Structure formats: structure tokens, C-alpha cells
Amino acid sequence: MKIIDNLDAWRRLRQQLSGTVGFVPTMGALHRGHAHLLERSVAENAITVLSIYLNPTQFNNPDDLARYPCTLEQDLQVARELGVDVVLLPGYDDLYADDYRFRVEEHQFSRELCGAHRPGHFTGVLTVVMKLLNLVRPTHAYFGEKDFQQLQLIRDMCETFFMDVEIVGCATVREPDGLALSSRNALLDAAGRARSAQFQRLLRSDLDDAAVARELDRAGFVVDYVETREGRRFGAVLVDCGDRQVRLIDNVLVEQVLQAAMASAG
Ligand code: AMP
């Protein structure tokens, strides 16, 4: 496995590659959700490239960025075991030589759901993803459905800008109690972790959105939003964990909500 923190070295290597190149961009602190994306890429491509870059431009809250877990040595071990070929570790100056003068901005969907609560978040995401896709030049790039709004915006961006890459959406990987895996879960304290399982359970319930929000509030979450659109129910909550709040997001297919309703009706 090659570990590359020099973009010129990467460009030279890329020129020598032929065949399919799968790409999994991450912010590190790898878990089984990331591993699922990497496994798919390794299975479906000649070469798999993983990037680990904690992108500051997508954080609207400096505390969230400062607290974000970093487990680089462990991540490299996971990547090695999964058969990743190249790990890219770019720095801010490599990716933002323009100091974020140029940005990719979307003016509708990126302002809704998470975007309504995290100003500038999706501009940071789309900008860094476009930079990484232009640099890596993958044939296939893998993103998780856990961040469904992000996946949709990236698909739309690639189509809009005629970017020659196939965006592959991957199912959400969950803990046995249903909590979607996330790097931020490591920041939950024991009480917050225990409470978190109720988040997706309520999203999947047959209650309407307003009632789900009320129940989440009653269960002690601070609710950012619960909203059903185009066959999916989306939600974001904050979990109080003593000195900090941990933000969780998730989404479920409405079909699953209906199935749960039918099952509970007997
Ligand atoms: P992140 O490191 O949080 O930026 O995530 C990198 C990629 O992993 C994104 O495409 C995420 O959607 C995806 N991802 C994160 N958590 C999960 C999960 N629980 N299941 C599937 N994919 C995930």
C-alpha cells in the first residue's frame, strides 16, 4: 500500500495507471461504514484509492472540527487489511492553494435539511469533493447513503459539470441496535450512546414527522429537523453529552416506515 502526501507524486503515479480506479474520500476515524465502501471499491476496481482529509471548510462549528476524532495509524492498518492500494493524505495548502477563493455553490437543495442548520457546509463538501475527483480522476467514486443529501448533491454536481466519474451510493452500515455508524459516535458518552438507538427507531416509526420530532424531544434530543421527502424520512439531532453536543444524522426509506407500521398493526 502506497501512502502519498505529495500531490505531484500522486499525479505521476496516476499517469501510469490504467483500468478502473475506485475512490473513497473520507475524513478518517475509519469505521465499518467506511470499510463497506472500501470493500466495494476493492471488489469492483483494479485500483482503490482512499483519501483521508479532515476538510475544515465544511465545518461551520469550530468546536466540532477541534473535537473530530483522528486515528491515523489505526486507519492505515484498516486500509492495509482491506487491500487499499493508495492512501492519499493531502494537506490544506495542497488542496486550498487558492485559500478557498474558488467554491462550488449549489443554491437550492444544499440550503435545505442539514444545509439549513449548517450554513456553508455543503459548499465546503462540494468544493473539496470536486478538487479530489479532479485530482484522483477515478472511474468510480463511493459515497454512503447515511449522508444521503450529500450523495445527491455530489451526483448532481458531477452531472452538471460533465464530470466523467460514476458515483456509487452504498447502503448505511448500522450498529446492532440500529444506530448508523459515524466517526462522531466515538464522542458519545455512555448515556448519550444508550439514548442514540432511539433516533433511528423513531425515524422508522409510523408517526408523522411532527410527532417523531416531539418524541425525540421528549427522549432528550435537541431536534434540528425531521422531514420526509421523495420517499425518505431525514432527521438530524443533537445529543447532550456533558460538556459537548454530538450531532447525529440519519435517513430511512418510507417503505421501511410503512413496513414497521404494518408489522405493529399485526
Ligand atoms: P466521512 O469520513 O464521515 O466524510 O465519510 C466518508 C464516507 O463514508 C461518506 O461517503 C459517508 O457517507 C460514508 N459513511 C459514513 N458513515 C457511513 C455508514 N454508517 N454507512 C455507510 N457509509 C458511511
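The structure presented is a predicted model; accordingly, all values stated were derived computationally and were not measured. Each ligand, and each atom within it, is numbered from 1 in the order the structure gives.
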*Measure centre to centre between the rings of Tyr68 and Phe59, then say whether the value is under 6.0 Å.*
yes

*Pair Phe23 + His140: ring centers closer than 6.0 Å*: no

*What pairs meet the salt bridge (Lys or Arg N to Asp or Glu O under 4.0 Å) rule with one or both residues in residues 115-124, with sequence neighbours excluded?*
Asp64-Arg118

*Within 45 degrees of the axis of the six-membered ring of Phe234 and under 6.0 Å from its centre: does Arg229 put its NZ or CZ there?*
no

*Kindly indicate whether the side chain of Gln74, heavy atoms from C-beta on, has any atom under 4.5 Å from the side chain of Leu30.*
no

*Counting heavy atoms not belonging to Asp164, are there more than 12 under 6.0 Å from its CG?*
no

Pick out the protein N or O atoms lying less than 3.5 Å from any N or O of ligand 1, and list each pair with its distance.
unit_1: ligand 1; atom_1: 2 (O); unit_2: Met27; atom_2: N; d: 2.9
unit_1: ligand 1; atom_1: 2 (O); unit_2: His34; atom_2: NE2; d: 2.9
unit_1: ligand 1; atom_1: 5 (O); unit_2: His34; atom_2: NE2; d: 3.4
unit_1: ligand 1; atom_1: 10 (O); unit_2: Gly144; atom_2: N; d: 2.9
unit_1: ligand 1; atom_1: 12 (O); unit_2: Gly144; atom_2: N; d: 3.1
unit_1: ligand 1; atom_1: 12 (O); unit_2: Gly144; atom_2: O; d: 3.3
unit_1: ligand 1; atom_1: 12 (O); unit_2: Asp147; atom_2: OD2; d: 2.5
unit_1: ligand 1; atom_1: 16 (N); unit_2: Leu181; atom_2: O; d: 3.3
unit_1: ligand 1; atom_1: 19 (N); unit_2: Val173; atom_2: O; d: 3.0
unit_1: ligand 1; atom_1: 19 (N); unit_2: Leu181; atom_2: N; d: 3.4
unit_1: ligand 1; atom_1: 19 (N); unit_2: Leu181; atom_2: O; d: 2.8
unit_1: ligand 1; atom_1: 20 (N); unit_2: Val173; atom_2: N; d: 2.9

